[in-house]
Amino acid sequence: MSTRKLISSTSKKSIHFHKIPPTILNSLIWADKNETQSSNPSLTPKNPSILATNLIKSYSESGQIIEARTLFDEMPERDVVAWTAMITGYTSFHYHTHAWRLFVEMAGTAAVDPNEYTVSTVLKACRSMKSLLYGTLVHGLALKRGLEGSLYVDNALMDMYATCCDCMDSAWMVFKGIKVKNDVSWTTLITGYTHIGDGYGGLRVFRHMILEEVKLNPYSFSIAVRACASTCWLVFGKLMHAAVTKHGFGSNIPVTNSILDMYCRCGCLSEANQYFHGMSEKDLITWNTLIAGYERSDSSESLNIFSRMESEGFSPNSFTFSSVIAACANLAVLRCGQQVHGGIIHKGLDRDLALANSLIDMYAKCGNISDSQKIFSDMLHRDLVTWTSMMIGFGSHGYGKEAVVLFDEMVRSGIRPDRIVFIAVLSACSHAGLVDEGLRYFETMVGKYNIKPNQEIYGCIVDLLGRAGRVNEAYRLIQSMPFKADETVWGALLAACKAHRLADLGKFAARRVLDLRPNMMGAYVMLSNIYAAEGKYKEFAKIRKMMRRMGNKKEVGKSWIEVKNQVYSFVVGDKMGSHTEHIYVVLDLLNGNMKEAGYVPDLDCLVNDLEGGS
DNA sequence: TTAGGGTTAG
């Protein structure tokens, strides 16, 4: 019930009750119950509990959760509805721990029993806390009280299992047990599959939903389109787009936003752009979807769209900033990133965990590791992504020891490492020459954390050993792998062979890479360089000829730098641009300094350069 | 007769 409705049922006067202190309201509400004289008899309701519960809701809806709790605490009698309203107030305010504590208090000490309303609400809190343990306890309680069978409880149980812990088996069990399923049951199941990234699973359920002739609504369509987007298969996406139009949901914003997202995720940016311009109504999510879509493949355009969004009067939120910061990181445009950071602070979003994580990444990629560190150390709460981003930053800046120290600190803080953070720390060890530390982490990963190494992890270890000159050991590791090494693992060995001039093993590794990826020009370049270093110019020429025949499509290495708000990009041997002369003067100066410091250039690379490679 | 559900952007 809204505040307005509440007032009309109690008094004709237009009073905003949530603006009155709860203590005064409570004394008025319970006045006749306590047999005392009310100062305003027109406010005295027939059932004070109903009015107090309505006020708890009213306070919660207006963001006054402390006032709601004060009112709740001062109620002389609290029925199950009052308890549930207060728990709901906490969940709608994202105070899930408070909601859980109140539920425990209710179940343990209060004279009232939780009912289906209470259970479905508290399951939402369990899901948001990602606590399978609490969720399972509530499931047990629901069974004990015979509440399983209520569609609200069953749907909330499915949602909890599917969304909080990816337990799709348990979600399925609950789903199968529902005798008469409704559209929410089906939608919740599709959401579960989409949540774990199984778009095909979601689409199978959607198909089943159609076969069972369940009435389709915007909820089911938007999640089904999201499932299509997860598969990245445009054919499904276009079929779904047609179905949306046919069912008359072509103007529903969540549905159209998910179609826009689908085109972006399928890599069809021109279709996405066309669709975006044809949309009759756009909201902030529409803009955020397009910005995020462009960030993944054309970061520069993503920043242009952000600028257009602001000029059209939309105010960015944390989702917008997250994509824009990622775009700045991809482009390594420090000044732009700093300006966006200013906008984040201005909006009061600098405590947003995901944003702080992306800022750590952005500053590191823009070369400013000290600002990454500052954000990291100022953070009150850190998650696995925070630690991983900081470790990747340290690793890419050559601070291997700092990354190792951070990893140990993270484990001490109670965060369980995953495969990605191991890749971060192993890569940092590799670049800093910390071979023994890296090998120790590899053993810990397998032995202590039971994480099975994948191609990427093996690639890191081969790189770690290879860079340190332990190339034969790296080769033995590849031979001992439980699955066939892919081109990245062989590529790491090839790079090590080239660096340490192991021609035979290098040629072998290059062949393995080219067996798996015949178009990998980098491998041809390395192979030809190995032949050149051996003085086998006939073999060298043969490879180069082969490369020319294939079109020599090795992507040219590109560098860029931001000076006074402008980005300058250049490739090897570039003579373009107005500042070329100055750049070459500085380059000559640097070359002189390096030679004085004892640097001997690698002439093998010169062969590559002459051929117009990277 | 006061409390409850599923969708889209990182």
Side-chain angles (χ1 to χ4, degrees), chain A residues 1 5-6 9 29 45-58 60 78-89 91-92 112 114-124 127 147 150-160 162-163 181-192 194-195 202 209 216-227 229 249 252-262 264-265 282-293 295-296 309 316-327 349 352-355 357-358 361 385:
Chain A
M1 184 192 262
K5 193 177 169 194
L6 172 74
S9 68
I29 293 164
K46 282 183 182 168
N47 187 340
S49 183
I50 293 173
L51 182 53
T53 306
N54 265 321
L55 284 166
I56 287 170
K57 197 185 176 198
S58 181
S60 305
R78 285 170 292 197
D79 60 8
V80 63
V81 186
W83 281 92
T84 309
M86 192 62 236
I87 293 169
T88 307
T91 51
S92 61
V112 285
N115 63 13
E116 57 183 287
Y117 288 81
T118 331
V119 164
S120 60
T121 298
V122 83
L123 279 168
K124 207 170 157 185
R127 179 198 68 175
L147 299 173
S150 151
L151 207 45
Y152 281 99
V153 171
D154 289 342
N155 289 344
L157 278 169
M158 277 171 59
D159 187 34
M160 182 274 295
T163 325
K181 303 164 180 69
N182 67 358
D183 47 351
V184 179
S185 321
W186 287 92
T187 311
T188 308
L189 196 63
I190 302 172
T191 309
T194 314
H195 181 80
M209 192 177 173
L216 301 172
N217 60 25
Y219 288 90
S220 44
F221 264 113
S222 41
I223 193 63
V225 175
R226 180 67 183 83
F249 297 121
N252 178 283
I253 289 201
V255 176
T256 52
N257 284 345
S258 57
I259 291 173
L260 179 68
D261 180 54
M262 179 274 294
C264 290
R265 285 180 196 272
K282 300 181 182 83
D283 64 4
L284 185 56
I285 297 180
T286 317
W287 285 95
N288 287 349
T289 305
L290 195 68
I291 291 170
E295 178 272 313
R296 289 186 281 264
M309 183 192 103
N317 67 2
S318 59
F319 284 86
T320 328
F321 282 127
S322 176
S323 299
V324 172
I325 284 291
L349 292 169
D352 183 289
L353 184 62
L355 277 185
N357 292 346
S358 53
D361 182 59
V385 180

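These numbers come from the heavy atoms of this one structure, side chains and all, not from hydrogens, waters or symmetry mates.
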Check your understanding: So what does A/D352 hit on the nucleic acid, given a heavy-atom distance under 4.0 Å: a base, only sugar-phosphate, or nothing?
Key -> base

Practice item. Look at the side chain of A/N257 against the base of B/dT8 and say whether a donor-acceptor pair falls under 3.5 Å; ignore hydrogens and angles. Key: yes

Point to revise | Results of side-chain contact (heavy atoms from CB on, under 4.5 Å) for A/A229 - residues two or more places apart only | key: A/R226, A/D261, A/M262, A/R265

Exercise for review: Using a 4.0 Å heavy-atom cut-off across all strands, classify A/L151 as base, sugar-phosphate, or nothing.
Suggested key: base

Check your understanding: Under 4.0 angstrom, heavy atoms only, what part of the nucleic acid is A/I223 near: base, sugar-phosphate, or nothing?
Key -> sugar-phosphate

Review point. Under 3.5 Å, is there an N or O donor on one side and an acceptor on the other linking the side chain of A/E116 and the base of B/dG4?
Key: yes

Review point. Which nucleotide in the list B/dA9, B/dG5, B/dA3 gets nearest to the side chain of A/T289?
Key: B/dA9

Check your understanding: Contact class for A/N182 vs. all strands (heavy atom < 4.0 Å): base, sugar-phosphate, or nothing?
Key -> base

Exercise for review: Record whether the side chain of A/T187 comes under 3.5 Å of the base of B/dG6 through a donor-acceptor pair of N or O atoms.
Suggested key: yes

Review point. If you look at every strand shown and take non-hydrogen atoms under 4.0 Å, does A/S150 touch a base, only sugar-phosphate, or nothing?
Key: base

Check your understanding: NA contact type, A/N317, heavy-atom cut-off 4.0 Å: base, sugar-phosphate, or nothing?
Key -> base

Practice item. Please work out if A/S318 contacts a base, only the sugar-phosphate, or nothing of the nucleic acid, heavy-atom cut-off 4.0 Å. Key: base

Review point. In whole angstrom, what separates A/M262's CE from B/dT8's P?
Key: 15 Å

Check your understanding: How would you label the contact of A/N357 with the nucleic acid (heavy atoms, under 4.0 Å): base, sugar-phosphate, or nothing?
Key -> nothing

Practice item. Give one of base, sugar-phosphate or nothing for A/T88, where a contact means two heavy atoms less than 4.0 Å apart. Key: sugar-phosphate

Revision key, fill the gap. Correct closest heavy-atom pair for A/S120 and A/Y152 would be CB-O, 3.8 Å

Exercise for review: Identify which nucleotide among B/dG6, B/dG4, B/dG10 has an atom closest to any side-chain atom of A/T121, counting heavy atoms from C-beta outward.
Suggested key: B/dG4

Point to revise | Qualifying residues under side-chain contact (heavy atoms from CB on, under 4.5 Å), relative to A/T191, sequence neighbours excluded | key: A/T187, A/I223

**Study point:** Presence of A/R265 side-chain N/O under 4.0 Å of B/dG10 phosphate oxygens OP1/OP2
**Key:** yes

Point to revise | Check: B/dT7 base within 3.5 Å donor-acceptor of A/S222 side chain | key: yes

Check your understanding: How is A/A292 classified with respect to the nucleic acid when contacts are heavy atoms under 4.0 Å: base, sugar-phosphate, or nothing?
Key -> sugar-phosphate

Review point. Taking only side-chain nitrogens and oxygens of A/K124, does any of them come within less than 4.0 Å of OP1 or OP2 of B/dG4?
Key: no

